[in-house]
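For the single chain, residues carry numbers from 1 onward in sequence order. For ligands, and for the atoms within them, numbers begin at 1 and follow the listed sequence.
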Amino acid sequence: MTSWTPSDMPDLTGRTAVVTGANSGIGLPTALELARRGAHVVMAARSRERGEAAVASVVRAVPGAKVEYGRLDLADLASVRAFAATVDTVDLLINNAGVSMPPRGLTKDGFELQFGTNHLGHFALTGLLLPRLLARPGARVVTVSSNAQVAGRIDFDDLTLERGYGRLSAYARSKLANLLFTLELQRRARRAGADLLSVATHPGMTSTEIIKIPVAGPLFRLLTKPAAAGARTSLYAATSPDIRGGEFVGPRLRPMKPSPAARSEELAARLWEVSAELTDVRFDALPGH
Ligand SMILES: NC(=O)c1ccc[n+]([C@@H]2O[C@H](COP(=O)([O-])OP(=O)(O)OC[C@H]3O[C@@H](n4cnc5c(N)ncnc54)[C@H](OP(=O)(O)O)[C@@H]3O)[C@@H](O)[C@H]2O)c1
């Protein structure tokens, strides 16, 4: 359905969305378009200054928009817990924030930075918000993965990558984890009979802060699209009635086939157990069996 645009979204009045990494890149137009359709949007960002500036930009573009800033640092579980405690209602959770290919680093809790931020931070956030998501009919969790997931490998004996760190392979691992998490969340929701859709996306090459190509010339512009176009995949996944739980929605708004590793239920179950252990966040309402 390539002609779909955000103006095709249903009226979202009365719905609350939480968008992580809402201050820039794909997250900002995602928040903007949800607000334009009437949703109350919590724009989560780690920097108060950047977050509040983003909220102000949405209000300028959509006078009367119901948007607020929420402080969330996904690389710090205490911050994830503090943020989750401020969210009373949530219908749409957009796990969008991400770090891409930084030099090796650790989160506040000692996790490898990309795995810790992109996967564990969102795992914890989703688990902490789960009771509020399940209280809302038609709730959705959209997790922004990437086709980089095809190159992802998970070695549970070296989650901190002390034996060898590659920026791209660590990114790919975090995006594979996003996809495994999405599919396992959907399996658990289905088993529990919960009214919850879990969907992953690949926005396609989008010109944002994350792609720091030194020569941003014509070739770069040819290969990438603006952030608003990248946001279209998240918006479609979050609101289209045609979405089925467990889909991996690509830039053309069609389901993409996850890699064999991403489809492994065994790997997903193991990642889930390890993630619950590391974050101490349990999805009690959605047991594994
Ligand atoms: N751009 C692409 O081509 C592409 C392709 C495939 C997938 N993706 C995925 O799309 C998502 C959005 O990326 P983007 O392209 O829009 O990049 P971006 O412009 O760099 O945006 C990333 C966002 O994540 C936030 N973030 C980073 N670390 C955080 C933390 N510890 N806590 C909270 N927020 C944090 C950033 O906040 P700060 O401003 O504070 O750094 C920023 O708001 C990511 O998950 C990425 O993997 C992007």
Side-chain angles (χ1 to χ4, degrees), residues 18-32 42-55 57-58 69-84 93-102 105-109 111-125 142-152 167-168 170-179 181-182 200-213 216 220-235 237-238 248-251 256:
V18 171
V19 181
T20 70
N23 61 291
S24 80
I26 294 169
L28 179 53
T30 301
L32 170 72
V42 180
M43 297 178 65
R46 58 180 159 176
S47 147
R48 174 169 291 280
E49 198 186 342
R50 290 194 290 278
E52 287 181 345
V55 166
S57 77
V58 171
Y69 166 67
R71 190 179 178 278
L72 170 68
D73 183 352
L74 289 157
D76 175 2
L77 288 176
S79 169
V80 176
R81 286 183 185 280
F83 170 75
L93 170 61
I94 318 287
N95 289 327
N96 162 80
V99 271
S100 174
M101 299 179 250
L106 300 177
T107 67
K108 206 128 190 204
D109 305 280
F111 310 134
E112 185 277 316
L113 193 59
Q114 301 194 67
F115 186 73
T117 306
N118 302 357
H119 168 61
L120 290 174
H122 283 126
F123 177 91
L125 178 64
V142 175
T143 301
V144 181
S145 175
S146 163
N147 213 22
Q149 55 88 25
V150 292
R167 294 180 190 217
L168 182 55
Y171 178 68
R173 179 179 72 161
S174 75
K175 294 288 125 179
L176 170 62
N178 282 154
L179 194 46
F181 164 68
T182 300
T201 65
H202 165 54
M205 284 271 282
T206 308
S207 168
T208 64
E209 286 296 309
I210 232 169
I211 305 191
K212 293 179 187 88
I213 296 177
F220 178 73
R221 279 196 294 278
L222 197 71
L223 291 176
T224 62
K225 55 189 174 183
R232 188 169 160 259
T233 313
S234 302
L235 293 164
F248 179 31
V249 185
M256 295 171 45

Original post:
Which ligand 1 atoms, with their elements, are less than 4.0 angstrom from a heavy-atom of Gly25?
Top reply: 16 (O), 19 (O)
Subject >> Option whose closest heavy atom lies nearest to atom 30 (C) of ligand 1, chosen from Leu223, Val99, Thr208, Asp73 >> reply: Asp73
**OP:** Check each atom of ligand 1 against the heavy atoms of Tyr171 and keep those under 4.0 Å away; list them by number with element.
**Re:** 7 (C), 8 (N), 46 (C), 47 (O)
Subject >> Nearest-option assignment for atom 29 (C) of ligand 1, heavy atoms, candidates Arg46, Glu209, Met43 >> reply: Arg46
Subject >> Straight-line distance of Asn118 CG to Phe123 CZ, nearest 0.5 Å >> reply: 15.0 Å
Subject >> Among Thr182, Thr143, Asn178, the one residue meeting side-chain hydrogen bond (donor to acceptor under 3.5 Å, both in side chains) with Asn95 >> reply: Thr143
**OP:** Would you tell me whether His122 and Thr20 have side-chain atoms, one donor and one acceptor, within less than 3.5 Å of each other?
**Re:** yes
Original post:
Does Pro203 come within less than 4.0 Å of ligand 1, judged by its heavy atoms?
Top reply: yes
Original post:
So is Ala22 polar-close to ligand 1, meaning N/O to N/O under 3.5 Å?
Top reply: no
Subject >> Pair Asp73-Ser79, side-chain donor/acceptor within less than 3.5 Å >> reply: no
Subject >> Non-hydrogen atoms of Ala237 and Val249 that approach each other most closely >> reply: CB-CG2, 4.4 Å
Original post:
Which of the numbered atoms in ligand 1 are below 4.0 angstrom from a heavy atom of Arg50?
Top reply: 38 (P), 39 (O), 40 (O)
Original post:
With under 30° as parallel and over 60° as perpendicular, where do the rings of Phe248 and His202 fit, or are they tilted in between?
Top reply: tilted
**OP:** Just jot down the ligand 1 atoms closer than 4.0 angstrom to any heavy atom of Ser146, in number order.
**Re:** 6 (C), 7 (C)
Original post:
Which atoms of ligand 1 have any heavy atom of Met205 under 4.0 Å away?
Top reply: 3 (O)
**OP:** Please could you name the atoms of ligand 1 that Ala75 approaches to less than 4.0 Å, counting only its heavy atoms?
**Re:** 31 (N)
Subject >> Under 3.5 Å: donor-acceptor pair, side chain of Arg71, backbone of Arg46 >> reply: yes
**OP:** Would you tell me which option among Ala227, Gly98, Gly230 has the nearest heavy-atom contact to atom 24 (O) of ligand 1?
**Re:** Gly98
Subject >> Distance filter under 4.0 Å to Thr117 heavy atoms, resulting ligand 1 atoms >> reply: 28 (N), 29 (C), 30 (C), 31 (N)
Original post:
Does Tyr171 use its side chain to pair, donor to acceptor, with the backbone of Gln114 at less than 3.5 Å?
Top reply: no
Subject >> ligand 1-proximal atoms of Ser47, by part, heavy-atom distance under 4.0 Å >> reply: neither
Original post:
Hey, looking at atom 36 (C) of ligand 1, which of Ile94, Asp76, Asn23 has the closest heavy atom?
Top reply: Asn23
**OP:** Please confirm whether Ser24 comes under 4.0 Å of ligand 1, counting heavy atoms of the residue only.
**Re:** yes
Subject >> Close approach of Gly204 to ligand 1, heavy atoms, under 4.0 angstrom >> reply: yes
Original post:
Which ligand 1 atoms are under 4.0 Å away from a heavy-atom of Ala97?
Top reply: 24 (O), 25 (C), 26 (N), 34 (N), 35 (C), 45 (O)
Original post:
Is there a donor-acceptor pair closer than 3.5 Å between any side-chain N or O of Thr206 and the backbone N or O of Ala227?
Top reply: no
Original post:
Which one holds for Leu72 and ligand 1: side chain close, backbone close, both close, or neither close, with close meaning a heavy atom under 4.0 Å?
Top reply: backbone
Original post:
Applying the side chain to side chain contact (heavy atoms under 4.5 Å, CB included) test to Thr201, which of Val144, Asn96, Leu235 qualifies?
Top reply: Val144
**OP:** Ignoring angles and geometry beyond distance, decide whether Gly21 reaches within less than 3.5 Å of ligand 1 through its nitrogen or oxygen atoms.
**Re:** yes
Subject >> Minimal non-hydrogen separation, Gly230 against Pro203, with atom names >> reply: O-CB, 3.6 Å
Original post:
Given that the side chain starts at C-beta and the backbone is N, CA, C, O, which of these parts of Ser207 lies under 4.0 Å from ligand 1, counting heavy atoms, or is it both or neither?
Top reply: neither
Original post:
Side-chain contact, heavy-atom cut-off 4.5 Å: Pro251 with Met256?
Top reply: yes
